[in-house]
Each structure stands twice: as C-alpha cells, then as structure tokens.
Amino acid sequence: MSLNQLIDSRDVRFTLFEMLELEKLNRFDAFKDFDRSVYEDTLELAEKIAIQQFYPTNAEGDKTGLKFDPKTGEVKVPESFKKGFNAYIESGFHSLALPQEMGGTGLPSSISMACAEYFNAGNTALTMYCGSITGALAIIAPFANKELYDMVVPKLLEGKWGGTMCLTEPGAGSDVGALKSKAVKQADGTYLITGTKIFISNGEHDMTENIIHPVLARIEGDPEGTKGISIFVVPKYLINPDGSLGERNDMICTGIEHKMGLKGNATSSLSFGDNGKCVGYLLGKEREGMKVMFHLMNAARIHTGVQALGCSSAAYLHAVTYARNRVQSALITNPKGGPVTIIHHPDVKRMLLYMKSNVEGMSMLCLFLALHEDIMRASKDPEEVKKATGIVEILTPIVKAGISDASWLVTAEAMQVYGGYGFCQEYPVEQYARDTKVFSIYEGTNAIQSLDLVMRKILMNPEMYNYSQLREWMNGTIAKAKGVVDDKYVHPVIEGLAKFDEVIEMMKKQLSEMKILLLLNNATPFQQAMYLLILAWLHLWSLTLTTPKAKALLGDAKGADRAKILAENPEASYYSGRVLSSQFYIGAEFPKFFGRIACLVNNEGAAIKVESENFTGALKE
C-alpha cells in the first residue's frame, strides 16, 4: 500500500475492512480459505500493475489511438497496452472472482471490484479489453452446453481469447427488440448469422488470438420484439475439433468510431454474414436471448459505475497534488504574506472536499454492493440470499447512473482546480473528463436506469421488498450514529429518508391511477435524488467509525498542536480527513437533495405538454 496518483489505498482498506468487515466472509465455505493477508497481497499487486503498467500507457492510448486497416478490417491497439494486458492476465485478474470449480481464483467480488478501481483509474480503455474476457466467461459458462463450453471456456480462462457484447444495431439502440440480425438453423445444429452491430467495445483488436462475440439475433420465423430474441456465440476465427483455430469466420470489422474519449479502446462496427457463411452457436435456449444477455448486462452496468469511479478518483488525486504545488496569490487574510500554494485558498479546499467526498461515497457504494454479491454467491441460507439480492437489484441502477453522472461533475471540478491548464492536453485531467462522459450513455442510458429503478426495482417490486432491505440498513446506521455523531449530521439523513418515503408513496398513488407519463417524467430526478440520499447515508455510516477514531488520535488539539499531529501521524490525517469530507457531504452537498424532492413533489408537467414545434430556432432537419 503506497501513495499514488490513482486510488487512495488507505481509503480502500477502510471501506473493505472497517466498514464492511470483509474478513467475516470467511464464515462461508466459498471464502473460508482466504484471510486478510491474501486480500492485501491481491490489492497490492493490482496497485503495482495499475501504477507501473497501466497508468503510463493512458496518455499514449489517448493521443496515439488505434490503427484501423479498412482493407483487412483489422485494428491494432497501442503497442504499450500489451505489456499491461499480459501482466493482468498472467496475474489472474480476469478470473479473480470466478468460482474455483470454474477455474477461477474464487476470491470475493469485493476484492475483485476494489482491484478494478485501480485498473480503471490507471487506464480504462485498456481495462476494457481485460474485462471483456471476464464478461465472456460470465455469460458463456452458465448457459453453454458441454460442447460449446469445452470449445470456448478453457481458452477464455487462459486469457488467450477476448470477448464482446453485441446488442446495438443502427436501428436498434435502446430499443433492442427492434433488431434485424437474423439466425438460420443448419442441419448440424449451428446457425448462420447475418446482420450489423455498432458501438461494440473491444470489437476488433490484436490483443488476443481470437475474439468471442455473444450476438443477439432473431431465429428465422421467431416473433418480433424482445421475446423473439436468441443469443449466439460467434467466434472471430472458427474453432477446429482439436481446439485449434480454423479459418476466419464470415464476420468483419467495417470501421471504428472516432470518439471524444476512451480512444485506446476499439468501439467497432461489425458485419456478420456478408457472404452467408457466418457460423454461430446457440447459447442457452431459443428465444431466451434477453434473459441470458441480462446476466452480463447487469454486471456491465455495475462495472460502468466502477469505471466512472476510477476516472473520478484519478482526476481528484491529480488535482490534490497540483493544488499542493501550484503557487498563486497571497491568502486574503494575509495579503502581505506572499503567494501560497493554492490548496490553502478556501474555494480550492471546497472543490477538493467536493471531489473527495464524492469519490469516497462512490467507492463505499460500489463495495457495499459487491459485498452483497458475495453473500448472494456464497450463502446457503435462502433468506440471506434473498436479502442480498434485494440490495444488489435496487443499487445496480444507482451504481451505474448515479456514479456516472457524478463522475462527469467530479472530473470537471478537477479541471477547474488546474485552472487554464486543466483545459490543456499537456495535463492529464481533461482526458479523465472525456473518458468518463460515455458512462452515462452506454450499457443502457441513465434514463433507462432511472426507469428501471422507479418501476421494476421499487414500485413494481412485490411489497417493495428491495427498498425495505435498503431502508433496514439505513435505519440501522441512524441508530448507531445517535450519540456518536453530531446531531447536525444525523438529523438531515433522518429528514431525508422521511421525505423520500413521501415521494415513493406519491408515486405509488400515481401508478395506481395510471399516471404513467408523470412517473416517466420524474424517473431521472428521482434517481438523482436517491443517489444523494444513499451517499449521505454512507457518509453517516462512515462518521460512526471515523468520529471516535479521529477523537482518540487528535484529542482536543487545536492550531499548531493539531497541525503537528496531522503532519506526523498519517492515521490522524486519514481519520480526521474522512470526518471532514463526510461532514462536508452531509452539510454542504446533501441539502441539494431537498430541492430535488421539492421538484418531484411539484409534479411539473411542462415536459409532458411540450411539443416538437415549441423548440423554435432549430432546423427541421
């Protein structure tokens, strides 16, 4: 564990081992052989690879980008990516949380997610190639028949083959059911696939020997809409019976997108079956493609939140270091004292606390969800699994949408700390802002996440079980905070929960009255409000632990005495800093929640009434 420019390693340990008490997972058979030392070694290795082999390639991937050959349809990634990719695979990070019986390491998802924070902070574009293998394993292993499993899974486990997720088409983006890709069954049980997919991350590259494409398509004659969709495994290269690679399948990359960010990752357009010879293998059962794909999509949505967290963390830590070294202006309270580093100026402190409190909240949220994924996977108690599943279900759209929205703001604030230099490519933070923007768009736009949250995860969830489980955690935190945390930070969370419950009751009534347009109109503001509430709760939970520890380390020291302790004792600096960032979030950021609640209660209908013609001044086409 060391200081670095990517992730606050001490903070990761606080969340994992002090808040979430991760070592208690060894009560489950699946994790009984792991202890703190194993977790520490894994985190330290991830940190080392991320700092030494991912981060140095991040700017190069952005500036050099990819090389696409239109004649062959091949894409070459920056050469520097390959060393980091190989280190990641050789260390087993692609199968870290996969069960041992599947050939994985079997570590908790909590540890795997914490490692992913480092890699995404180091180079998100590179991490996407690495993660594509994990994603392919996660979708193929549970649903493949033995023949397909034996054909594909061993090479994925070795890290020799990569993966993708092929949903989007030119006329079927968010509306997946409108897809036109077709599958025709052959006498040998395979299918011939035809169609075009766009915006496919990792769609073509030279990092692996083969790429395995899970492709959504409709079997000839099956019904329209999502109910008629099946999913197929389509390899870039056909696979011989002995496992060796055969001839090139009839699929090709027709181009890559020229993007605002993530320029080192190949966002590809793929054409299947131009010559009528693209071979695919059915994954799972016919017409259950969406069911199978959602197994991967939910994991991808969670990981999108982790990607946004990684970019936010790196941008924040770069901004802190810059502020500690950039000399500009005297203190307004001591104008004759000469210029000081900008970290001493009040507004810069405010910006840094804004970023710090948000990044810490993002990390707590991601790892809290991951802990419940571990319980879902390892517990043999059906009631415990049900409770954990409820938490994962309700938090997945919050992790994806809430964190990706906040990341855009955090990375922008990092640029602001740099001043004019933050807008220049010679400095790293503008890349983090460009890289992070897509996270609110892909893997289901944040509007879709918000609708999913409001309708499926809360209002239409039987007895609102998911929300009741989250509410139980929040109530427990409030009970623990009383008498430990200053009331001025406890009461806003209590009041916020009460107001949020009122909004849910209002929306339940609207659903019963079939006021669907109002619900749709309020879905995104509701999700945004809920994100603020969840981070306030997590910060309150943090305060129940950090407040007494900071007090024990600092006592009543003030002024020069306090400064001396902070300078000499890193733990005192950490815990008191954590207290201050949580206080800042609850006291200065969380009040915005109540304004959002007021907007929801107003049920303003202008967005429902407005017509295309009202948007004057714009061209018709």
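This is a predicted model, so every value here is computed, not measured.
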J.: CG of Asp374 to CZ of Phe28: how many Å apart, nearest 0.5 Å?
T.: 8.5 Å
J.: Do Leu470 and Ile534 have side chains that approach each other closer than 4.5 Å (heavy atoms only, starting at C-beta)?
T.: yes
J.: List the steps and the verdict of ring-ring contact (aromatic ring centres under 6.0 Å, His included) for Phe17 and Phe14.
T.: CA-CA 6 Å; Phe17 303 120; Phe14 168 78; over 10 Å; no
J.: With a 4.0 Å cut-off, would you call Asp206 and Lys82 a salt bridge?
T.: yes
J.: Using a 3.5 Å distance criterion without hydrogens, assess whether the side chain of Lys400 forms a donor-acceptor pair with backbone atoms of Gly444.
T.: yes
J.: Would you say that Leu126 contacts Met207 through its side chain, given a criterion of any heavy-atom pair below 4.5 Å between the two side chains?
T.: yes
J.: Return the CG to CH2 distance between Leu20 and Trp541, rounded to the nearest 0.5 Å.
T.: 5.0 Å
J.: Can you spot which of Lys63, Glu257, Arg434 makes a side-chain contact (heavy atoms from CB on, under 4.5 Å) with Lys263?
T.: Arg434
J.: Counting distance only, does the side-chain N/O of His539 pair as donor-acceptor with the main-chain N or O of Ser357 below 3.5 Å?
T.: yes
J.: Got a salt bridge between Arg301 and Glu393, using NZ or NE/NH1/NH2 to carboxylate O under 4.0 Å?
T.: no
J.: Which label fits Phe93 and Phe119: parallel for a plane angle under 30°, tilted from 30 to 60°, or perpendicular past 60°?
T.: perpendicular
J.: With a cut-off of 6.0 Å (strictly less than), are more than 12 heavy atoms of other residues, nucleotides or ligands near NZ of Lys48?
T.: no
J.: I'd like to know if the side chain of Gln416 pairs up with that of Tyr354 as donor and acceptor (distance under 3.5 Å, no hydrogens or angles considered).
T.: no
J.: Is it the case that atom NZ in Lys76 sees more than 12 heavy atoms from other parts of the structure closer than 6.0 Å?
T.: no
J.: For residues Ser9 and Glu47, is any side-chain donor paired with an opposing acceptor at under 3.5 Å?
T.: yes
J.: Can you spot which of Asn265, Thr164, Thr208 makes a side chain to side chain donor-acceptor pair (under 3.5 Å) with Asn202?
T.: Asn265
J.: Have Ser312 and Asn358 got a donor and an acceptor in their side chains that come within less than 3.5 Å?
T.: no
J.: Would Arg377 and Glu373 count as a salt bridge (Lys or Arg N to Asp or Glu O under 4.0 Å) here? Give the steps.
T.: CA-CA 6 Å; Arg377 164 182 157 194; Glu373 286 186 312; over 6 Å; no
J.: Verify, without hydrogens or angle tests, whether Tyr418 (side chain) and His318 (backbone) share a donor-acceptor contact under 3.5 angstrom.
T.: yes
J.: Search all heavy atoms of Gly159 against all heavy atoms of Ile89 and return the closest pair with its distance.
T.: CA-CG2, 3.7 Å
J.: Is the shortest distance from a Lys or Arg side-chain nitrogen in Lys356 or Glu360 to a carboxylate oxygen in the other one below 4.0 Å?
T.: yes
J.: Using a 6.0 Å cut-off, check whether atom CZ of Arg456 has over 12 heavy atoms from anything other than its own residue.
T.: no
J.: Should the pair Glu60-Lys83 be classified as a salt bridge under the 4.0 Å nitrogen-to-oxygen rule?
T.: no
J.: What distance do Asn123 atom CG and Tyr55 atom OH have between them, rounded to the nearest 0.5 Å?
T.: 11.0 Å
J.: Can you find a side-chain donor-acceptor pair between Arg13 and Tyr39 that sits under 3.5 Å?
T.: no
J.: Give a yes-or-no answer on whether the side chains of Gln527 and Ser450 include a donor-acceptor pair shorter than 3.5 Å.
T.: yes
J.: Scan side-chain atoms only and decide if Asp435 and Gln431 contain a donor-acceptor pair under the 3.5 Å cut-off.
T.: yes
J.: Does any donor atom in the side chain of Ser268 or Glu204 lie under 3.5 Å from an acceptor atom in the other side chain?
T.: no
